[in-house]
Amino acid sequence: MKNIRNFCIIAHIDHGKSTLADRLLEFTGTVTQREMQAQLLDDMDLERERGITIKSHAIQMDYLFNDEKYTLNLIDTPGHVDFSYEVSRSIAACEGALLIVDAAQGIEAQTISNLFLALEHNLEIIPVINKIDLPGAMIEEVKDQVVDLIGIDPDDIVLASAKEGIGITDILEAIVNRVPAPKGDPEAPLQGLIFDSVFNSYRGIEVIFRVKNGSIRKGDKVKFMATGKEYEADEIGSLKLKKQPKDVIECGDVGYLISGIKVAKEVKVGDTITHVSKSSPQMIKGFEEVKPMVFAGIYPVDTTDFEELRECMEKLQLNDASLVWEPETSAALGFGFRCGFLGMLHMEIVQERLEREFDMTVITTVPSVKFLITNKRGDVIPVSAPSEMPDPNLIQKLEEPFINAQIITAAEYVGPIITLCMDKRGVIKNQVYLTSNRVELTFDIPLAEVVFDFFDKLKSISRGYASLDYSLSGYRESHLVKLDILLNGDPVDALSAIVHRDKAYDWGKKLCEKLKELLPRQQFEIAIQAAIGAKVIARETVRAMRKDVTAKCYGGDISRKRKLLEKQKKGKKRMRQIGSVEVPQEAFMAVLKIN
Ligand code: GTP
């Protein structure tokens, strides 16, 4: 146990965590040159394509230092704010953290929030300034920022380039020398903290855990304390590049367990594993409950796929503990699920994973935050779907969530950012100069205004030089109304939205315009109306006649015509018949495209 080190890598997005993880794996010989490929731990296709880490990944390395063999368990974590739940779970399994800061960018919003998470769990922090090879590296300036932030001796900051392989040995030595060995009692009853799980269709669910006390042997009878279910540890082992079966996982170590568990519900991230006989009297304090920020409906394109979608959601949830959902029905879309996400990126990723990993084509509806409605009788009702909103005459009070948003940016973008936030009903609370050119702005702003396109707008007005982090600050009364959309007179519940009264007219008008662009022409005219209660506030018309996509292709190139028709067919896949009108998936997301 004294030669085990459990650590994670935390950083703002793109500061180089995954690249550094690659180098650590290479230097410790965990992967050979031949096996090496960039961002090795980001093994999901989606992660590779987008160049971001979505999931935490655990991997074990052996490292020889002063003739002693050390076991290093690395947990790579995502940097984007939407995946901070993954970060918090990794942190609970570690004693130390490498805090990576990009030498050309300096400290960003998630550097700070992830650092605080690590400090809350008393992790030993090893700051690493990465990308020192870049011509724009501001090593001294970033060092000062780090010293200011954590009050560390500047000599304790490691300088590195993950890309060029500079400073990697210093980092490995710092891990061995500065991260404390795990504490825990090897003789005590087994307590293993489940911090991740993966669905494997052949062998059942793989559970990833950290032994806090005791130890576990192959063949042991174990119990998951929260569910009370018992299993036999058919296979246990370490997570090297591949799974490496072992006979025992000692106190302090990280490992996996396979025992043919087929039912996704039986595995709960945060649960404690113990032995059936000599079981631990208490569970390890688990993780904080996930607090979803954005809610949306997910529906199968084909209504008969509902049960299959449920199974897929259960499997996905195993690997994504931050996803929450419950069944719901929509008059327009039939049976589906109301899901809670940590943010818009999370929602996009869930939809894509359902399609890629489970081959489920789904329709997602207009995202919404959770509002609180007090009715005339004084009951407080949480509402996260516009269709749940009661008759306005029965409502006494409507409240919406507000957040505390921290934005770090360069001085020249402060003006435009303040304008953007005010346009989003935000109020500036604080403005602090971190250095002569870096400013931290704090805003009080409604969550509903931030979840949609705020981040994209922020990035474009600051040319990428602004980072955002936020936390919920509470609920406050607000003038909100339900905006309905009618297609040929029929309200489409999946297109309704709850919006602020002052913005409702503008919103309704733009939404109708957008829908007009998105709805394909059909053999009859389609009236698109926006209404608040019985009052229609905007209208657009899609004229009749099917658009002939091949009309453009005069001349006789038949293969080109066929291609176009094929494309049109594909585009149709995600359509839903609502009343007499065919509505494409894009239409349900039209709200997001309004300027
Ligand atoms: P997320 O997982 O999405 O949060 O990103 P990350 O922190 O894992 O960053 P990643 O390792 O994907 O690196 C982001 C980009 O920075 C990639 O294009 C890397 O090639 C580049 N990069 C990483 N380390 C260095 C470095 O030391 N020097 C230079 N010049 N580029 C680097």
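Hydrogens, waters and symmetry mates are skipped; everything else that's a heavy atom, side chains included, is used. All ligand and atom numbering here is 1-based and tracks the order in the structure.
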Report summary line: Exactly one of Lys243, Arg203, Lys246 clears side chain to side chain donor-acceptor pair (under 3.5 Å) with Glu235, and that residue is Arg203

Requested in this report: Out of Lys17, His12, Lys163, indicate the one that has the non-hydrogen atom closest to atom 1 (P) of ligand 1.
Outcome: Lys17

Requested in this report: For ligand 1, indicate whether the residue Leu134 contacts it via side chain, backbone, both or neither (heavy-atom separation under 4.0 Å).
Outcome: side chain

Query raised in the report: Out of His15, Lys131, Arg23, whose heavy atom sits nearest atom 21 (C) of ligand 1?
Result: Lys131

**Report entry** NZ (Lys315) with more than 12 external heavy atoms under 6.0 Å
**Finding:** yes

Query - N/O separation below 3.5 Å, Ala162 to ligand 1 - result: yes

Query raised in the report: Is there a donor-acceptor pair closer than 3.5 Å between any side-chain N or O of Asp444 and the backbone N or O of Lys429?
Result: no

Query raised in the report: Any N/O of Gly16 closer than 3.5 Å to an N/O of ligand 1?
Result: yes

Query raised in the report: Which atoms of ligand 1 have any heavy atom of Asn130 under 4.0 Å away?
Result: 24 (N), 25 (C), 27 (O)

Query raised in the report: What atoms of ligand 1 come within less than 4.0 Å of a heavy atom belonging to Ser161?
Result: 26 (C), 27 (O), 28 (N)

Report task. Measure the spacing between CD1 of Ile59 and CG of Leu74 and express it to the nearest 0.5 Å. Result -> 7.5 Å

Requested in this report: Answer side chain, backbone, both or neither: which part of Asp14 comes under 4.0 Å from ligand 1, heavy atoms only.
Outcome: both

Query raised in the report: Considering residues, nucleotides and ligands other than Lys240, do more than 12 of their heavy atoms fall under 6.0 Å from its NZ?
Result: yes

Query raised in the report: Looking at Ile9 and Ile100, what are the two nearest heavy atoms and their distance?
Result: CG2-CG1, 3.4 Å

Query raised in the report: Looking only at heavy atoms, which two atoms of Lys370 and Pro401 are closest? And how far apart?
Result: O-CD, 3.3 Å

Requested in this report: Would you mind running through ligand 1 and noting each atom that sits below 4.0 Å from a heavy atom of Ser18?
Outcome: 2 (O), 6 (P), 8 (O), 11 (O)

